[in-house]
2 protein chains.
Amino acid sequence: MRMDLDKQLNGSVQKAFLLLEAFTLDKPEWGVSELARSLGANKSTIYRLLATLEKLGVLQQNRRSEKYRLGLKLFELGHRVSIHQAVVHCTHPVLEEVARAIAETVHLAILEGTHIRYLDKVESPQGLKISTEIGSLRPAHCTGLGKMLLACADSEQQQAVLDATPLFAQTANTIVSAAALRRELAEIRERSFALDREEYEIGLICVAVPIFNQQGDLVAGLSASGPANRFREEALPHYVSILKRGAEKIREGIGNFQL
Amino acid sequence: MRMDLDKQLNGSVQKAFLLLEAFTLDKPEWGVSELARSLGANKSTIYRLLATLEKLGVLQQNRRSEKYRLGLKLFELGHRVSIHQAVVHCTHPVLEEVARAIAETVHLAILEGTHIRYLDKVESPQGLKISTEIGSLRPAHCTGLGKMLLACADSEQQQAVLDATPLFAQTANTIVSAAALRRELAEIRERSFALDREEYEIGLICVAVPIFNQQGDLVAGLSASGPANRFREEALPHYVSILKRGAEKIREGIGNFQL
DNA sequence: AAACGCTGTTTCATTATTCAAAACACTCAG
DNA sequence: CTGAGTGTTTTGAATAATGAAACAGCGTTT
């Protein structure tokens, strides 16, 4: 495998997880040969890795097609992750309330380096849905949640994003310069909510607020997203107030939990 | 490590996942030494495995305590598992409805060999909760869901359980003989719901029904569980009818989905 | 039918990696 | 200061992963 593996660390384990990364929602099934080709690795290596992971329940093999897909062991381990236990368990009901009140898709996310990670999601009851996936990452600089979380983060974390300027222009509206992003973050901190006006995807608007714990530490972000044509400027205060009430409710239930 | 590893298969990967198994909800944090001791393995082996898994995001290290816990990569991979996507996503709202209607904890589970695996759960609004974990396994022969799923399963799967007789007596009420279990399964098939009368845990009662897809294949099981002292015999038909309505609703939404 | 292209699987010698024991660095308690 | 507990790094020895090639199957094409 011509993957860059760190010396000192266990290469097989790294390979195994790099291999698991190939199983995305877009391509959930892989055969031995195609996967070996795609990873630039030897067939027998992949074959043995797949066989090992299948025996462990990490992958499961489709009898008919002989192809592999992610197995229930990962499902099990994923649910043991403490962040899931601690946060999502007690925040999900609030997300649902907010989603009902706003009638748009609601997300819960945290900052992870220069990206945000979606921890939970409740979809809009309306037809038009947003194609996010729980557990996945998105750049912080071009999402409402990302900018909100950055605005509340310490300067070290902000710098990590600003260092990467010019930032990747996801759409024509994406903020790409460090100066502009700095101004934007200051403004967000000021009014304590963030807006994403089609900065990640044309046609997609998002409003985000921060969630603090009872010690005042930033825990996560809460947002409502919907199609731009459904979004009315005058309704913004309404959205923000519902989101803020949700964040407050989570704060009450979450105690002194920290990331 | 004196773990039994299959020859031919990648040992490091097997070790890595055996190691991950140690991170349970009861003991979510491990240091290098204690984990090595607990697994009967060498410290440096565990050290490098932990370091590798941490670099991959599979584990994360607590700065203060230097201990490790499960990381967000597993959270992410867990949410990519297709069963989660396909089933839980569209069944969760129904579980909530049922939980509201019955006011007891509701579970969704599938049969996996001789055990059931909990895919989803909505807890009772009442104080007394059941200590199940999403993703975890329980023996099929002594749970309502397990007996229900077994009753609908093919004889091969039933035999796998019956072969293990005398079955493990979880409580004094557990069915332990093959003949008795066979009779029980026949009766369950007859009336198309299963009861667990404190067969897994004293004080715990459970009612379960099957969920079929539109082709009539068994997909999963749906159950309501609660403390025995809250359970009234005459309310049973009421519980069953609510569960059955839930199962029917899922059937409508699930199309021809198969395990 | 036979040759082809495509699977997944197995073999085997070479190589590189992982291993375990011990030493090291550090913290905390007595 | 000593001792027992951490996590980390180093060692040579031994194990285990590796890739090329051969194999076995299954359809399609020639």
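Chain letters run A, B, ... following the sequence lines, proteins first and then strands; every chain starts at 1. As the structure is a computational prediction, the values presented were derived from the model and not from experiment.
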_Atom-pair distance (CG on A:L35; P on C:dT9), nearest Å_ = 13 Å
*Can you name the residues that form a side chain to side chain contact (heavy atoms under 4.5 Å, CB included) with B:P28, not counting sequence neighbours?*
B:R69
*asked:* Take N1-N3 plus N6-O4 or O6-N4 for Watson-Crick, N1-O2 plus O6-N3 for G-U, both under 3.5 Å. Which runs of 3 or more such pairs involve DNA chain D?
replied: C:1-30 with D:1-30
Between the protein and nucleotides 5-9 of chain D, which nitrogen or oxygen pairs come in under 3.5 angstrom?
{"unit_1": "D:dT6", "atom_1": "OP1", "unit_2": "B:R37", "atom_2": "NH2", "d": "2.4"}
{"unit_1": "D:dG7", "atom_1": "OP1", "unit_2": "B:V32", "atom_2": "N", "d": "3.0"}
{"unit_1": "D:dG7", "atom_1": "OP2", "unit_2": "B:S33", "atom_2": "N", "d": "2.9"}
{"unit_1": "D:dG7", "atom_1": "OP2", "unit_2": "B:S33", "atom_2": "OG", "d": "2.7"}
{"unit_1": "D:dG7", "atom_1": "O6", "unit_2": "B:K43", "atom_2": "NZ", "d": "3.4"}
{"unit_1": "D:dT8", "atom_1": "O5'", "unit_2": "B:Y47", "atom_2": "OH", "d": "3.2"}
{"unit_1": "D:dT9", "atom_1": "OP2", "unit_2": "B:Y47", "atom_2": "OH", "d": "3.0"}

*B:K15 has an atom NZ; how far is it from atom C1' of C:dC19, in whole Å?*
8 Å
*asked:* Tell me every residue that passes ring pair (Phe, Tyr, Trp, His ring centres under 6.0 Å) with B:Y47, counting only those two or more places apart in sequence or in another chain.
replied: none
*Does A:Y200 have any ring pair (Phe, Tyr, Trp, His ring centres under 6.0 Å) partners at least two apart in sequence or in another chain, and if so, which?*
none
_I need the CG-P distance between B:N42 and D:dT11, as an integer number of Å._
17 Å
*How would you list, by chain and number, every residue that makes a side chain to side chain donor-acceptor pair (under 3.5 Å) with A:H92, sequence neighbours excluded?*
A:E96, A:D120
*In Å and rounded to the nearest 0.5 Å, what is the CG to NE2 distance from A:L72 to A:H79?*
10.5 Å
*Rounded to whole angstrom units, what separation is found between the CG atom of B:L9 and the P atom of D:dT18?*
12 Å
_Residues that A:A36 engages under side chain to side chain contact (heavy atoms under 4.5 Å, CB included), provided they are two or more places apart_ = A:K43, A:I46
*Roughly how many Å is it from CG in A:L49 to P in C:dT9, rounded to a whole number?*
14 Å
*List in chain and number order the residues that pass side chain to side chain contact (heavy atoms under 4.5 Å, CB included) with A:D154, two or more places apart in sequence or in another chain; answer none if no residue qualifies.*
A:E156, A:Q157
*Ignoring backbone atoms, test whether B:T45 places a side-chain nitrogen or oxygen under 4.0 Å from the OP1 or OP2 oxygen of C:dA20.*
yes
_Which residues pass the side chain to side chain contact (heavy atoms under 4.5 Å, CB included) test with B:I130, not counting sequence neighbours?_
B:T105, B:T132, B:L204, B:S225
